[in-house]
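What follows is a set of notes on a single structure, which appears directly below.
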Amino acid sequence: MTETALRVQPASALERQFWLGEQIAPSSGANWVLAEVRADGPVDLSVLDAALSAVARRHEALRTAFVIEDGQVVRTVLAEPVAEPPLRLAAGTGFAEAAAALLGADTFDLAAGRVHRAGVAPDAEGATVFLAVHHIAFDGLSQEVFATDLARAYGLTAGGRAPDLPVRERPAPAGPAPAQRAELTAHWRTVLAGAADLPVPGGGPAPSQRALAQAGLAERRDICPPGVWQAVCAAARRSSCSPFVVLLAAYGRALAELTGGADFCVGTPVVARSAGQEDELGCLINTLPVRMPELFAPGAVERVWAGVRDTIVGSALPCDEIVRAARTVAGRRMPVYQAVFAFESWRRVEHPAGPVRMHTVPVPPVGAVAEIQLQMCALPDGTLKCVLQAPLTGSWAPRLADLMLGFRTQLGLLAPESGPPHLIDPEGPA
């Protein structure tokens with residue numbers, strides 16, 4: 001332990017996965033996150049810098065090193081964050097430009113505790129804050145926590161007070177007890193018995209996990225108007241499930257239609273925050289497989305809902321242990337699931353910060369976490385923002401437009417009040 005270390009704890013299962021991923025494919029975009037917060041009003045950059053520093057001191061996740069001790073990955077909480085001063089970016093800097101400026105091979109050093117770096121792009125109306133973070137320390141919901149605390153610290157500093165936010169200590173990770181672990185392992189073996197891989201579209205070769213981690217991304221974007229979301233919610237009520245299930249069923253059907261696949265799994269990240277962790281920064285998720293059976297027979301939404309329930313029942317088992325429970329033959333391809341669906345449905349609010357107001361901006365992944373991945377975000381005005389991504393080197397990249405159209409078509413069939421599918425692609429392929 002170094003002189004600046006405050007506490008040493010075992011790493012969580014997901015932290016161990018990201019640490020291992022960094023060893024296998026160093027500086028992979030799959031291990032990176034770029035958060036974005038918009039500040040509207042007369043932003044004082046010196047006050048903003050002080051607020052960013054205060055948030056880093058508050059959250060132990062932003063000042064934690066990951067090292068090997070006695071053959072185990074442990075997290076070492078440091079007394080002070082290890083980060084460079086915020087980078088000044090040009091006015092109008094967008095997400096892609098900020099990613100290029102902040103994310104690189106030398107941005108992070110897990111062993112040293114350098115897990116984040118900030119950039120600020122001031123303009124005439126305020127400023128945009130970008131936070132580059134290693135995924136080992138940050139998940140999607142962390143962006144809301146970060147914005148809340150940044151606004152709080154900015155408001156204190158702007159009001160002439162010290163931005164001394166109380167330290168948010170990280171509890172030691174707790175896994176299932178041995179008896180529960182055995183029960184969960186048996187559950188997953190039953191749930192995933194006989195599940196198939198998702199066929200590669202066009203019958204091409206399947207990429208290896210290493211190739212996925214090292215590849216750039218092709219991207220297709222879509223915006224669904226509020227009427228679609230209203231129809232999805234109505235369809236969910238008819239099937240006594242959540243809107244997430246309707247969206248997942250439409251995605252599964254689009255994948256099946258394009259590949260001819262059947263009875264495959266789709267991975268989905270779920271929140272793994274226990275009571276009291278609502279205001280904690282960290283990677284507090286578990287990516288779990290949902291089986292997609294009989295997607296085109298009547299009652300498809302209800303069957304997907306049953307699959308989601310099976311997933312929820314087994315959600316306490318970490319993903320790597322699920323893979324070990326279900327995988328009988330080693331291979332180079334992603335095991336258990338090859339497609340991912342992420343739905344961001346949490347409430348996004350505007351935070352007062354003295355004379356400034358702050359809010360988060362939905363952001364896409366910056367690296368490939370699967371052979372094909374769809375992220376959807378429900379915005380406050382009822383629109384649905386969709387980002388479909390695939391590795392540039394894989395078979396999915398040239399088929400993103402077809403898959404997006406197929407998804408919207410299937411969504412129209414499952415939620416018919418949305419009317420005929422109408423593709424809106426304001427940005428086009430990236």
Side-chain angles (χ1 to χ4, degrees), residues 1-23 26-27 31-35 37 48-87 102-120 129-139 141-143 145-150 152-154 156-157 162-174 273-274 276-285:
M1 188 188 309
T2 67
E3 293 181 1
T4 57
L6 298 178
R7 189 169 61 260
V8 176
Q9 298 172 330
S12 70
L14 192 56
E15 288 167 342
R16 291 194 302 270
Q17 282 182 252
F18 277 115
W19 182 90
L20 181 60
E22 193 65 44
Q23 315 313 307
S27 303
N31 297 329
W32 297 342
V33 177
L34 186 65
V37 175
L48 186 57
D49 288 348
L52 286 165
S53 180
V55 174
R57 291 194 304 273
R58 166 169 162 75
H59 288 282
E60 292 185 346
L62 297 182
R63 49 185 174 89
T64 295
F66 294 86
V67 297
I68 294 289
E69 285 194 3
D70 298 326
Q72 302 291 326
V73 182
V74 298
R75 61 190 193 195
T76 303
V77 180
L78 306 177
E80 292 293 330
V82 180
E84 299 177 30
L87 180 67
L102 290 169
L103 293 168
D106 59 350
T107 300
F108 306 115
D109 183 344
L110 298 186
R114 192 169 71 243
V115 295
H116 78 284
R117 189 185 185 193
V120 177
V129 178
F130 296 96
L131 187 72
V133 200
H134 198 285
H135 215 331
I136 204 169
F138 210 84
D139 58 16
L141 197 55
S142 290
Q143 185 171 241
V145 177
F146 171 73
T148 301
D149 286 344
L150 184 65
R152 185 178 167 195
Y154 187 96
L156 287 171
T157 308
D164 295 330
L165 304 180
V167 172
R168 183 62 173 85
E169 290 192 0
R170 307 179 73 191
R273 293 170 181 261
S274 58
Q277 288 185 302
E278 297 84 359
D279 63 344
E280 181 182 342
L281 289 188
C283 196
L284 302 167
I285 57 174

Going by side-chain hydrogen bond (donor to acceptor under 3.5 Å, both in side chains), name the residues that satisfy it together with Glu84, two or more places apart in sequence or in a different chain.
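Here the qualifying residues are Arg117.
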
By side-chain hydrogen bond (donor to acceptor under 3.5 Å, both in side chains), which residues pair with His134, not counting sequence neighbours?
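Listed in chain order: Glu22.
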
[atom2] on [Y] to [atom1] on [X], rounded to 0.5 Å:
{"X": "Leu6", "Y": "Thr64", "atom1": "CG", "atom2": "OG1", "value": "9.5 Å"}
{"X": "Arg63", "Y": "Thr76", "atom1": "CZ", "atom2": "OG1", "value": "12.5 Å"}
{"X": "Glu15", "Y": "Leu110", "atom1": "CD", "atom2": "CG", "value": "10.0 Å"}
{"X": "Phe146", "Y": "Phe138", "atom1": "CZ", "atom2": "CZ", "value": "6.5 Å"}
{"X": "Ile136", "Y": "Cys283", "atom1": "CD1", "atom2": "SG", "value": "8.5 Å"}
{"X": "Trp32", "Y": "Ser27", "atom1": "CH2", "atom2": "OG", "value": "5.0 Å"}

Over all atoms of both residues, closest heavy-atom pair of [X] and [Y]:
{"X": "Pro163", "Y": "Ala153", "answer": "CB-O, 3.7 Å"}
{"X": "Ala112", "Y": "Ala65", "answer": "C-CB, 4.0 Å"}
{"X": "Leu62", "Y": "Ala56", "answer": "CD1-CA, 3.9 Å"}
{"X": "His59", "Y": "Asp279", "answer": "CE1-O, 3.2 Å"}
{"X": "Ala172", "Y": "Arg75", "answer": "CA-NH2, 4.0 Å"}
{"X": "Ala147", "Y": "Val37", "answer": "CB-CG2, 4.0 Å"}

Are the side chains of [Y] and [X] in contact, using a 4.5 Å heavy-atom criterion?
{"X": "Arg273", "Y": "Glu278", "result": "no"}
{"X": "Asp49", "Y": "Pro86", "result": "yes"}
{"X": "Val67", "Y": "Val8", "result": "no"}
{"X": "Leu34", "Y": "Leu131", "result": "no"}
{"X": "Leu284", "Y": "Leu141", "result": "no"}
{"X": "Arg168", "Y": "Leu281", "result": "no"}
{"X": "Phe108", "Y": "Leu103", "result": "yes"}
{"X": "Ile285", "Y": "Leu14", "result": "yes"}

Any donor-acceptor N/O pair, [X] side chain to [Y] backbone, under 3.5 Å:
{"X": "Gln23", "Y": "Gly21", "answer": "no"}
{"X": "Ser142", "Y": "Gly282", "answer": "yes"}
{"X": "Gln9", "Y": "Arg170", "answer": "yes"}
{"X": "Asp109", "Y": "Arg114", "answer": "no"}
{"X": "Glu280", "Y": "Gln277", "answer": "no"}

Criterion side chain to side chain contact (heavy atoms under 4.5 Å, CB included) on Leu87 and Phe130, from CA distance to verdict:
CA-CA 9 Å; Leu87 180 67; Phe130 296 96; over 6 Å; no

Residue pair Arg57 / Ser53, side-chain donor-acceptor N/O under 3.5 Å
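The answer is yes; a qualifying pair exists.
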
